[in-house]
Enquirer: 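Quick one: the structure is below, and I'll ask about it shortly.
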Number of protein chains: 2
Amino acid sequence: MRPLHHPAIGDVTVEGILHALSEPVRVAIYFGIASADCAQSCSNFLKIDHREIPKSTLSQHFKVLREAGLIRSERLGVEMHNTTRCLELEERFPGLLKSIMNAHRVQLEEQATRARRAKRSQNARASKAA
Amino acid sequence: MRPLHHPAIGDVTVEGILHALSEPVRVAIYFGIASADCAQSCSNFLKIDHREIPKSTLSQHFKVLREAGLIRSERLGVEMHNTTRCLELEERFPGLLKSIMNAHRVQLEEQATRARRAKRSQNARASKAA
DNA sequence: CTATTAGTTCGTAAGTTCCGAACAATGAAC
DNA sequence: GTTCATTGTTCGGAACTTACGAACTAATAG
């Protein structure tokens, strides 16, 4: 197994970051790591929103996040400890991650609202039919 | 030719925006449209940074930007007028585009600095050899 | 009408991503 | 030490996406 590669902060690109965070599963992973108060292992994400993610896929997603410079992964015993590199990144690209995270939050709330509305009108139809 | 499709602002997704702007050519196009003071036609971008972009490829890039909700394209006579949707987008995802644009600017300046350094040390080697 | 200009669509070759199966690395049990 | 369980990586092929030349469409000029 070749050792994990983390780019120097100066080699991190905007394209890489945007590409990494243009994937819902990777965003969920990054959110999870960023909002946890301790390092997260990969296997914590085998289920995301009731959806099973195959572990080989998960491993690729972590690799993308790592090589984009978004997270740092360290082997600790049998598992991996993943943490964000948000301080370095904030210094290099001020405001970038915050506004991306915020935009994703806006979108998540909106999706939740839509889902509630849909469920309500579904219930209304059901009780009308009965 | 089927008519161009512009998503409603409520259907614009963060993933779509990030994906669209994770491509250097598309970023250059978006920058060009955003910083121009009048609508830009596609053919203004057949050359970007001394690189020729085939027009079919260009057309696809415009389509991606359009369907991500980043630009609006209107046929005006034989050509296309492209403008950004930055006001709507700012309202929906506050700060997002600004910080992405800013990050790209940071990166561009840095690349320019690197290029100058490289050229200087190349010149130094050349005069040493002579 | 033909010719020109600006963009789109189509087909295919090249590249990327997904995911199961096999593999590697560590720690614990014996 | 050997074996087992757990965690994660790598490999290979199928599915998907992207790039770009050739053919096409739409508008306009002459």
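Keep in mind that the numbers below use all heavy atoms, side chains included, and drop hydrogens, waters and symmetry copies. We name chains A, B, ... by the order of the sequence lines, and we start the count at 1 in each one. Bear in mind the structure is a predicted one, so any value in this text is a computation, not a measurement.
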Enquirer: Send over the distance from Phe62(B) CZ to dA6(C) C1', rounded to a whole Å.
Expert: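 After rounding, the reported distance stands at 12 Å.
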Enquirer: Does the protein touch nucleotides 21-30 of chain C at the base, only the backbone, or not at all? Give it as B, S and - per nucleotide, heavy atoms under 4.0 Å.
Expert: B--BSBS---
Enquirer: Would you say the side-chain atoms of Gln40(A) pair up with the backbone N or O of Cys38(A), donor to acceptor, closer than 3.5 Å?
Expert: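 Between the backbone of Cys38(A) and the side chain of Gln40(A) there is a qualifying donor-acceptor contact (under 3.5 Å).
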Enquirer: Which ones in residues 17-35 of chain B lie close to DNA chain C, meaning a heavy atom under 4.0 Å from one of its atoms?
Expert: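 Of all residues in residues 17-35 of chain B, none places a heavy atom under 4.0 Å from DNA chain C.
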Enquirer: Could you pull out every donor-acceptor pair under 3.5 Å between side chains of residues 94-104 of chain B and any protein atom, sequence neighbours left out?
Expert:
from	atom 1	to	atom 2	distance (Å)
Ser99(B)	OG	Ser99(A)	OG	2.5
Ser99(B)	OG	Gly95(B)	O	3.2
Ser99(B)	OG	Leu96(B)	O	3.0
His104(B)	ND1	Ile100(B)	O	3.4

Enquirer: State, with a plain yes or no, whether a side-chain heavy atom of His61(A) is found less than 4.5 Å away from one of Ser56(A).
Expert: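 The answer is no; the side chains never approach within 4.5 Å.
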Enquirer: Output the rest of the hydrophobic cluster of Leu4(A): all Ile, Leu, Val, Met, Phe, Trp and Tyr residues reachable through side-chain heavy-atom contacts under 4.5 Å, sorted by chain and number.
Expert: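 Members other than Leu4(A) - counting any ILVMFWY side chain reachable under 4.5 Å - are Met80(A).
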Enquirer: Whole Å only: how far is the NZ atom of Lys63(B) from the C1' atom of dA6(C)?
Expert: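 About 17 Å, once rounded to whole Å.
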Enquirer: So what does His61(B) touch, heavy atoms closer than 4.0 Å: a base, only the sugar-phosphate, or nothing?
Expert: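 It contacts sugar-phosphate atoms only.
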Enquirer: I need the minimum non-hydrogen distance between Phe93(A) and Val12(A), along with the two atoms involved.
Expert: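 Reported closest heavy-atom pair: CZ-O, 3.9 Å.
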Enquirer: Identify, with sequence neighbours excluded, every residue that meets salt bridge (charged side-chain N to carboxylate O under 4.0 Å, His left out) alongside Arg72(A).
Expert: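 Expected list: Glu88(A).
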Enquirer: Does anyone know the first and last nucleotide of DNA chain D in reach of chain B, 5' to 3', at under 4.0 angstrom to a heavy atom?
Expert: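 Reading along DNA chain D, I get dT18(D) to dT28(D).
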Enquirer: Please tell me if Thr57(A) has a side-chain N or O lying less than 4.0 Å from either OP1 or OP2 of dC19(C).
Expert: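 Result: yes.
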Enquirer: Quick one: Glu74(B) CD to dA6(C) P, roughly how many Å, whole number?
Expert: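 The answer, rounded to whole Å, is 19 Å.
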Enquirer: Can you list, by chain and residue number, the hydrophobic cluster partners of Val78(A) when the side-chain cut-off is 4.5 Å?
Expert: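 For Val78(A), no cluster forms, as it stays isolated from other hydrophobic side chains.
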Enquirer: Once side chain to side chain contact (heavy atoms under 4.5 Å, CB included) is applied, do any residues pair with Thr13(B), and if so which ones, sequence neighbours excluded?
Expert: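 For Thr13(B) the side chain to side chain contact (heavy atoms under 4.5 Å, CB included) partners, ignoring immediate neighbours, are Gln107(A), Glu15(B).
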Enquirer: Strictly below 4.0 Å, heavy-atom distances to any atom of DNA chain C: list the hits from residues 37-49 of chain B, or just say none.
Expert: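 Listed by number, they are Ser41(B), Cys42(B), Ser43(B).
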Enquirer: Only counting residues at least two apart or in another chain, list the ones meeting side chain to side chain contact (heavy atoms under 4.5 Å, CB included) with Lys63(A).
Expert: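 Partners of Lys63(A) under the side chain to side chain contact (heavy atoms under 4.5 Å, CB included) test: Gln60(A), Arg66(A), Glu67(A).
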Enquirer: What do you reckon, is CD of Glu110(A) surrounded by more than 12 foreign heavy atoms closer than 6.0 Å?
Expert: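 Yes.
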Enquirer: So do the side chains of Ile71(A) and Ser73(A) get within less than 4.5 Å of each other, counting heavy atoms only?
Expert: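 They are in contact (side-chain heavy atoms under 4.5 Å apart), so the answer is yes.
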Enquirer: Given dT8(C), dC19(C), dG7(C), identify the nucleotide with an atom nearest to the side chain of Glu79(B).
Expert: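 So the side chain of Glu79(B) is nearest to dG7(C).
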Enquirer: For Ala68(A), check side chain to side chain contact (heavy atoms under 4.5 Å, CB included) against everything at least two apart and list the hits.
Expert: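 Here the qualifying residues are Ala20(A), Leu70(A).
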Enquirer: Just the rounded figure in Å: distance from C1' of dG20(C) to CD1 of Ile53(A).
Expert: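 The answer, rounded to whole Å, is 15 Å.
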Enquirer: Residues two or more places apart in sequence or in another chain: which of them pass side chain to side chain contact (heavy atoms under 4.5 Å, CB included) with Thr113(A)?
Expert: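 Side chain to side chain contact (heavy atoms under 4.5 Å, CB included) list for Thr113(A), sorted by chain: Arg116(A), Arg117(A).
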